[in-house]
There are 2 protein chains.
Amino acid sequence: MAPYQRVKQYLKSGLEHGRWKPGSLMPSESDLVAQFGVSRMTVSRALRELQNEGLVERVQGVGTFAAQLHKLSATLSIRDMREHVESRGLRYRMDMQLLREEAAPPLVAQRFGIQPGAPVFHSLAVHFEDGVPLQCEDRWVHPAAAPHYLSNDFSASTPTQYLLEVAPTWEASYTIEAAMPSRQEARLLKIDASEPCLVITRSTVSRGIAVTLVRLVHPGSRYLLEGRFSP
Amino acid sequence: MAPYQRVKQYLKSGLEHGRWKPGSLMPSESDLVAQFGVSRMTVSRALRELQNEGLVERVQGVGTFAAQLHKLSATLSIRDMREHVESRGLRYRMDMQLLREEAAPPLVAQRFGIQPGAPVFHSLAVHFEDGVPLQCEDRWVHPAAAPHYLSNDFSASTPTQYLLEVAPTWEASYTIEAAMPSRQEARLLKIDASEPCLVITRSTVSRGIAVTLVRLVHPGSRYLLEGRFSP
DNA sequence: CAGTGGTCTAGACCACTGA
DNA sequence: CAGTGGTCTAGACCACTGA
């Protein structure tokens with residue numbers, strides 16, 4: 001194991017075993033240099049990585065402290081539906097229900113920074129896994145970000161794949177909630193109108209402008225999100 | 001701006017503007033050393049950070065490549081309910097409905113690596129925001145991980161806070177789904193039995209042993225998760 | 001073989017903190 | 001003032017890749 005990893009591992013396992021309580025002072029860089037017989041750059045890297053992982057907090061002129069652990073955040077991967085299905089060896093299909101230009105509704109116009117009623121692209125697709133509907137994707141697209149959205153061949157790529165190609169995602173925010181499907185969504189997903197759904201609403205920014213707003217509706221009985229954190 | 005940040009910013013904005021397409025070869029460390037007139041350690045740090053952020057992929061002996069952007073993962077913070085409520089300046093309350101030792105059900109026994117029927121701790125609490133029930137917390141605790149769980153004063157700390165104190169979380173996995181509440185949960189949350197709920201199931205490991213399993217049920221109309229990613 | 005990334009060293013200068 | 005972290009340099013040795 002590389003020296004910086006040895007130092008990092010030593011500190012990590014010490015934190016794990018409660019050798020340093022949250023908020024307490026940890027060894028300084030020069031302490032660790034002496035203890036491990038390595039150069040300061042090496043312990044510095046170990047400490048910086050622990051800081052990036054949220055395990056320690058460092059204050060210039062003061063020292064390094066064991067972090068409060070409940071500030072942890074977890075990773076949740078958001079993948080393209082096609083990849084999600086095919087990566088598990090299942091058959092993927094998408095039905096494009098609607099693909100056209102429309103007048104921007106007020107909410108969409110606001111997020112895109114354009115006038116209400118200005119032309120925007122609107123698509124509605126259903127994603128299937130082995131013939132079972134798994135996701136209903138209701139999407140608005142800013143024409144300036146993807147001018148040829150309407151003429152793309154969506155039998156070859158999903159809206160997510162196409163948009164990632166023409167406008168790489170540089171920031172996105174989303175919400176996850178439980179809600180009832182609309183009547184139309186229930187029909188498209190072939191579920192009862194009273195079945196709870198997992199609804200993800202996502203807004204994506206590329207090169208400073210909003211690219212797309214999307215509402216992803218999943219039948220609660222067929223889809224769940226998984227995640228983990230490991231500090 | 002520090003030199004390593006200048007290099008990093010240069011590469012980041014180049015990626016953002018499509019100067020290097022996903023999968024294509026990017027400048028080598030020595031290219032960047034020459035271009036910026038800095039030492040190799042400095043460009044190495046810039047590239048390593050971009051790698052950690054998932055923006056580039058590096059292969060020893062080959063080079064650095066622009067990453068495929070759709071492998072992004074997002075951060076989703078999982079916070080203690082009390083902090084969540086109080087951080088927004090609202091009044092927090094918890095009702096502990098049940099707190100006792102029980103015989104481990106098969107599923108719990110399996111996750112804890114103990115015999116079914118062995119003693120485990122079980123608690124059921126409701127968390128309120130300004131008097132409105134926001135979360136129902138059904139929790140199983142491994143007695144070896146928190147032997148004094150049952151005698152803790154839960155008017156002073158939440159189960160999450162207490163467990164983080166006595167057994168720092170070192171790994172957790174969770175699922176997020178939409179589901180109907182149980183009859184009991186609907187009653188405790190004061191919602192209709194047909195209201196969809198956001199259900200988080202979390203399993204936590206500390207020092208190699210399972211500490212706790214918890215089912216968190218939130219009324220869909222009152223609670224949503226927010227997240228963002230920015231590569 | 002030349003070129004790549006992975007890592008380390010021994011020193012340096014700096015900004016910042018708190019006694 | 002001594003001690004802390006933040007960062008950089010100029011060199012080094014290494015493992016790995018592909019021609």
Side-chain angles (χ1 to χ4, degrees), chain A residues 1-16 19-69 71 230-231, chain B residues 1-16 19-69 71 230-231:
Chain A
M1 193 185 284
Y4 87 89
Q5 285 171 322
R6 288 212 326 273
V7 177
K8 189 175 165 183
Q9 194 48 54
Y10 164 77
L11 295 166
K12 203 161 173 171
S13 97
L15 286 165
E16 188 167 349
R19 190 159 169 0
W20 302 285
K21 296 289 168 203
S24 68
L25 187 61
M26 298 183 57
S28 72
E29 294 195 347
S30 58
D31 290 342
L32 294 165
V33 164
Q35 183 177 344
F36 284 86
V38 296
S39 82
R40 209 187 126 207
M41 275 300 271
T42 300
V43 307
S44 172
R45 174 167 175 187
L47 286 164
R48 191 168 58 242
E49 293 195 358
L50 292 173
Q51 182 179 31
N52 289 339
E53 293 170 23
L55 293 188
V56 305
E57 283 166 17
R58 315 190 72 193
V59 184
Q60 195 174 17
V62 184
T64 298
F65 302 87
Q68 308 294 333
L69 284 180
K71 287 186 188 159
S230 40
Chain B
M1 194 185 283
Y4 86 88
Q5 286 172 322
R6 287 213 326 274
V7 177
K8 188 175 167 184
Q9 193 50 54
Y10 164 77
L11 295 167
K12 203 161 174 171
S13 96
L15 286 165
E16 187 167 351
R19 192 158 168 358
W20 302 286
K21 295 290 168 200
S24 68
L25 187 61
M26 298 183 56
S28 72
E29 294 195 347
S30 58
D31 290 343
L32 293 165
V33 163
Q35 181 176 344
F36 284 87
V38 298
S39 82
R40 210 187 125 207
M41 276 298 272
T42 301
V43 307
S44 172
R45 174 167 176 188
L47 285 165
R48 191 167 57 241
E49 294 194 357
L50 291 173
Q51 182 179 31
N52 289 339
E53 293 169 23
L55 292 188
V56 305
E57 282 166 17
R58 315 189 74 194
V59 184
Q60 195 174 18
V62 184
T64 299
F65 301 87
Q68 308 294 333
L69 284 180
K71 287 187 189 159
S230 41

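Each chain gets a letter, A, B and so on, in the order the sequences are listed, and its residues count up from 1. Below, each value reflects all heavy atoms present in this structure, side chains not excepted, and no hydrogens, waters or symmetry copies.
Heavy atoms of R40(A) sit under 4.0 angstrom from at least one base atom.
Nearest-nucleotide mapping onto DNA chain D: of Q51(A) and G61(A), the residue sitting toward the 5' end is G61(A). The nearest heavy atom of DNA chain C to Y4(A) and to V62(B) marks one nucleotide each, and the one closer to the 5' end goes with V62(B). Closest-nucleotide positions on DNA chain C for P3(A) and V59(A) were compared, and the one nearer the 5' end corresponds to P3(A).
When side chains are defined from C-beta on, R6(B) counts as touching F36(B), because their heavy atoms get closer than 4.5 Å. Within the 4.5 Å cutoff, the side chain of V38(B) has no heavy atoms near those of the Y4(B) side chain. Taking the side chain as every heavy atom from C-beta outward, L11(A) and L32(A) approach each other to under 4.5 Å. In this structure, the side chains of D31(B) and V43(B) stay at 4.5 Å or more apart for every pair of heavy atoms.
Applying the side chain to side chain contact (heavy atoms under 4.5 Å, CB included) criterion to Q60(A), with sequence neighbours excluded, gives no partner residue. N52(B) pairs by the side chain to side chain contact (heavy atoms under 4.5 Å, CB included) definition with R48(B), not counting sequence neighbours. Residues satisfying the side chain to side chain contact (heavy atoms under 4.5 Å, CB included) test with R19(B), not counting sequence neighbours, are Y10(B).
Residues from residues 24-35 of chain B lying near DNA chain D, meaning a heavy-atom separation below 4.0 Å, are absent.
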Working for side chain to side chain contact (heavy atoms under 4.5 Å, CB included), residues T64(A) and L47(A) | CA-CA 8 Å; T64(A) 298; L47(A) 286 164; 4.0 Å; yes

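Using a 4.0 Å cutoff to heavy atoms of chain A, the contacted part of DNA chain C runs 5' to 3' from dT7(C) to dT17(C).
Summary for the helix from dC1(C)-dG18(D) to dG18(C)-dC1(D): the axes at its two ends, each from 5 pairs, differ by 10° when rounded to the nearest 10 degrees.
Between R58(A) and E29(A) there is a salt bridge, with a side-chain nitrogen of the basic residue lying less than 4.0 Å from a carboxylate oxygen of the acidic one. Ion pair E49(B)/K12(B) not flagged as a salt bridge, since none of the NZ, NE, NH1 or NH2 atoms sits closer than 4.0 Å to an Asp/Glu carboxylate oxygen.
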